[in-house]
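Below is one structure, written out as structure tokens, with a few remarks after it.
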Amino acid sequence: MTLLLADGGEGTVETLVQAKNGTDGELVKKEVVGHLKEKVDVIYGILCDEKTAVIEVL
């Protein structure tokens, strides 16, 4: 048995997507402008219901 665990820090998005979707989860990578007006690479996940997004706030 494998149990996925995340503490709310880095890796939480990936862990939740994998836990809810298995290996079929969708992770989306984007480059955005952060609050200090610098470019930041971010990842968000879409769960299998295709209505729920998991977003990590930096």
Side-chain angles (χ1 to χ4, degrees):
M1 174 188 291
T2 301
L3 299 174
L4 302 170
L5 177 67
D7 64 1
E10 284 188 40
T12 298
V13 170
E14 293 88 344
T15 300
L16 286 172
V17 169
Q18 186 177 6
K20 296 297 283 181
N21 299 328
T23 57
D24 295 329
E26 181 180 357
L27 292 174
V28 181
K29 295 181 183 184
K30 295 284 183 182
E31 183 180 88
V32 300
V33 177
H35 67 282
L36 297 176
K37 300 192 191 264
E38 77 285 4
K39 292 181 180 179
V40 180
D41 292 324
V42 298
I43 297 173
Y44 66 91
I46 303 294
L47 300 187
C48 59
D49 65 2
E50 297 182 353
K51 296 179 182 179
T52 306
V54 181
I55 301 170
E56 184 173 272
V57 180
L58 303 174

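Only this structure's heavy atoms are used, side chains among them; waters, hydrogens and symmetry mates stay out. No experiment lies behind these values; they were computed from the predicted model shown.
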For this session: Identify the heavy atoms of Ala53 and Ile46 that sit nearest to each other, and give their distance.
Result: CB-CD1, 4.2 Å

Problem set entry | Val42-Val33 co-clustered via ILVMFWY side chain contacts under 4.5 Å | no

Exercise. Looking at CD1 of Ile55 and CD1 of Ile43, how far apart are the two atoms once the value is rounded to the nearest 0.5 Å?
Worked result: 13.0 Å

Exercise. Within a radius of less than 6.0 Å around CD of Glu38, do more than 12 heavy atoms belonging to other residues, nucleotides or ligands occur?
Worked result: yes

For this session: First locate atom CG of Leu47, then atom CD of Glu26, and finally report the distance between them rounded to the nearest 0.5 Å.
Result: 10.5 Å

For this session: Might you point out which heavy atoms bring Glu10 and Glu56 nearest each other, and give the distance in Å?
Result: CA-OE1, 3.8 Å

